[in-house]
Amino acid sequence: MPETVRIVTGKQEMELQVVEGTEGEKGIDVSNLRAKTGLVTLDPAFMNTASTESAVTFLDGEKGILRYRGIPIEELGERSTFTETAYLLIYGHLPTREEFTRWERLLTRHSMIHEDMRRFFDGYPMTAHPMAILSAMVSSLSSFYPYALNAKSDEYRDITIARLIAKLPTIAAFSYKKNIGHPFMYPRNDLEYCANFLRMMFAVPAEEYRPDPVAVKALNLLLILHADHEQNCSTSTVRLVGSAQTNLFASISAGICALWGPLHGGANQEVVEMLDDIRHKGLTAQQFIAQVKDKKSGIRLMGFGHRVYKNFDPRAKIIKKACDEVLEKLGVRDPMLDLAKQLEESALRDPYFVERKLYPNVDFYSGIIYKALGIPTQMFTVMFALGRLPGWIAHWKEMIEDPSTKIGRPRQIYTGPRETHYVPLEKRG
Ligand code: CMC
């Protein structure tokens, strides 16, 4: 007998179906509620609303569990590569040797961007934020692949997906080169994904550049940890935009814009700027924590807190450990890391943070590793976007291939004026 929930509205009673996920999560299906009762549900910020069923990622915020297609994030971080994890997320299984070879070939063969597109970069001021460039360039890709505009057609879907994953590092690195006035470095097919990206970022035509294997490994790990996080703000954006059958490039471009916000992917940049600021002002960790606790200050401890994780963020645990290892192996001694640890320690002991279940999130230590790899602060959110891309694509694909998908269109409770009438300009007070 399927589980139901009974609701009573006035004299009316109604049974609502309970939907159960594979990990025992339950949700009340309210899709018929308005038709039967005239009522809608009100849930600002979707604190309590499952917008979809999804088979991509499972996370349990209370237990600190994160799994892509059932595989724990800890195992993927330890044993997989970013491109393999991307395949897993998008196609639902780990690739066979043959599938992986084909996938890798696609990702290397499609990494160049059209030469005309290269010239787009000339129009930006040198100070342009790379996220602005990234979202515009990704949307622009749709103008070079008109046959990818039909989101429902599956004929070119796989090649469009591969193109996007292959080209994003090139666009990201070019946006950085534009920023510093260096010549663009074209991608190289003999390098693996992350090594190729580091080369496009840091090589110059004047000399040989060999990516440091420690940096390549660290980057693979960071991108894997960011690769998906179920229905977060940017992924929900990609799904909502894509639900209008918008092409993949435009949908992902919208996701990049959502990610840019300081409460979302922009937090990694904010963390390092916050640490810089604390050091610059000569504050101790305790003094800064006291400022954060004073609500009037409007200051948040960036990199702390999460809508879903109320125990710990498993990604933060892995990143913290990696941070120590990577800095040591690269021979980097960064006082920011000590300050971050002091802040974490103070916060975790403080009732303000304990009562609100605020823990370090993925962004708290990631910026310190990016910094050690030589990646400038302004590029941190771009790095998040590089990592999150397979997740966005997996969700877009899952949605577009589901025949029951309808355009996303929330309701509202209107609170504006009741009917009133137009007053001509000369009669307005
Ligand atoms: N510093 C200080 N107080 C905080 C913080 C923080 N970082 N985060 C939450 N709080 C307080 C908040 O003021 C509120 O207190 P009160 O109950 O007294 O009003 C309470 O904790 C609940 O916070 P909320 O803003 O209602 O929680 P939320 O689920 O809406 O927000 C969040 C989650 C991540 C936006 C928030 O914790 C935050 O702003 N954190 C800092 C930004 C950040 O690190 N973002 C990255 C998130 S992880 C990567 C990603 O997914 O993008």
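When a ligand or atom number is given, it counts from 1 through the structure's own listing order. All heavy atoms count here, side chains included; hydrogens, waters and symmetry mates do not.
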Pair Arg79 + Glu75, salt bridge at N-O below 4.0 Å: no

Separation between CG (Leu107) and CD (Glu192), nearest 0.5 Å, reads 10.5 Å

For atom 3 (N) of ligand 1, what's the nearest protein heavy atom and its distance? Tyr352 OH, 2.8 Å

Within ligand 1, which atoms have a heavy atom of Asp363 less than 4.0 Å away? 46 (C), 48 (S), 49 (C)

Is the distance between the ring centroids of Tyr359 and Phe312 under 6.0 Å? no

Could you tell me the residue and atom name of the protein heavy atom closest to atom 34 (C) of ligand 1, and the distance to it rounded to 0.1 Å? Gly305 O, 3.6 Å

For atom 27 (O) of ligand 1, decide whether some protein heavy-atom distance is shorter than 4.0 Å. no

Taking non-hydrogen atoms only, is Phe364 closer than 4.0 angstrom to ligand 1 via side chain, backbone, both or neither? neither

Are the side chain of Ser234 and the backbone N or O of Ala258 linked by a donor-acceptor pair below 3.5 Å? no

For atom 16 (P) of ligand 1, which of Glu355, Met302, Lys295, Lys357 has the closest heavy atom? Lys295

Atoms of ligand 1 under 4.0 Å from any heavy atom of Arg307, numbered from 1 in the order shown, are 28 (P), 29 (O), 30 (O), 33 (C)

Tell me which protein heavy atom sits closest to atom 51 (O) of ligand 1, plus the residue, atom name and distance to 0.1 Å. His264 ND1, 3.7 Å

Atoms in ligand 1 flagged as close to Val292, the criterion being non-hydrogen separation under 4.0 Å: 1 (N), 2 (C)

One thing to verify: whether Lys341 and Glu345 come together as a salt bridge, which I'm taking to mean a side-chain N less than 4.0 angstrom from a carboxylate O. no

Using a strict cut-off of less than 4.0 Å between a Lys/Arg side-chain nitrogen and an Asp/Glu carboxylate oxygen, indicate whether Asp338 and Arg333 qualify as a salt bridge. yes

Shortest protein heavy-atom distance from atom 45 (N) of ligand 1, along with the residue and atom involved: Leu263 O, 3.1 Å

Of all the non-hydrogen atoms in the protein, which one sits nearest to atom 47 (C) of ligand 1, and at what distance? Asn361 ND2, 3.6 Å

For ligand 1, does Leu358 get within less than 4.0 Å through its side chain, its backbone, both, or neither, judged by non-hydrogen atoms? side chain

4.0 Å protein heavy-atom contact status of atom 9 (C) of ligand 1, strictly under: yes

With only distance considered, is Ala267 within less than 3.5 Å of ligand 1 through an N or O on each side? no

Leu149 side, atom CG; Gln245 side, atom CD - distance, nearest 0.5 Å: 13.0 Å

Under-4.0 Å heavy-atom contact with ligand 1, by part of Val362 that carries it: side chain

Can you sort out which atoms of ligand 1 are near Gly265, meaning under 4.0 Å from one of its heavy atoms? 52 (O)

Sequence neighbours excluded - salt bridge (charged side-chain N to carboxylate O under 4.0 Å, His left out) pairs with any residue from residues 288-310: Lys293-Asp350

Gap between atom OG of Ser143 and atom CE of Met117 - 0.5 Å precision: 7.0 Å

Indicate whether atom 31 (O) of ligand 1 is within a distance of less than 4.0 angstrom of some protein heavy atom. no

Just heavy atoms, cut-off under 4.0 Å: does Arg300 contact ligand 1 by side chain, backbone, both, or neither? both

At less than 4.0 angstrom from any non-hydrogen atom of Gly303, what atoms of ligand 1 do you find? 43 (C), 44 (O)

Quick one: do Lys329 and Glu325 make a salt bridge, cutoff under 4.0 Å? no

Salt bridge Glu74-Lys317, side-chain N to carboxylate O under 4.0 Å: no

Considering residues at least two apart in sequence or located in another chain, which fulfil the ring-ring contact (aromatic ring centres under 6.0 Å, His included) criterion with His110? none

Please state whether the rings of Tyr370 and Phe380 are parallel, tilted or perpendicular, taking 30° and 60° as the class boundaries. tilted

Which residue and heavy atom of the protein sit nearest atom 41 (C) of ligand 1, plus the separation: Phe304 O, 3.4 Å

If you scan protein heavy atoms around atom 7 (N) of ligand 1, the nearest is Leu301 O, 2.7 Å

Give me the residue, atom name and distance of the protein heavy atom closest to atom 21 (O) of ligand 1. Arg356 CD, 3.3 Å

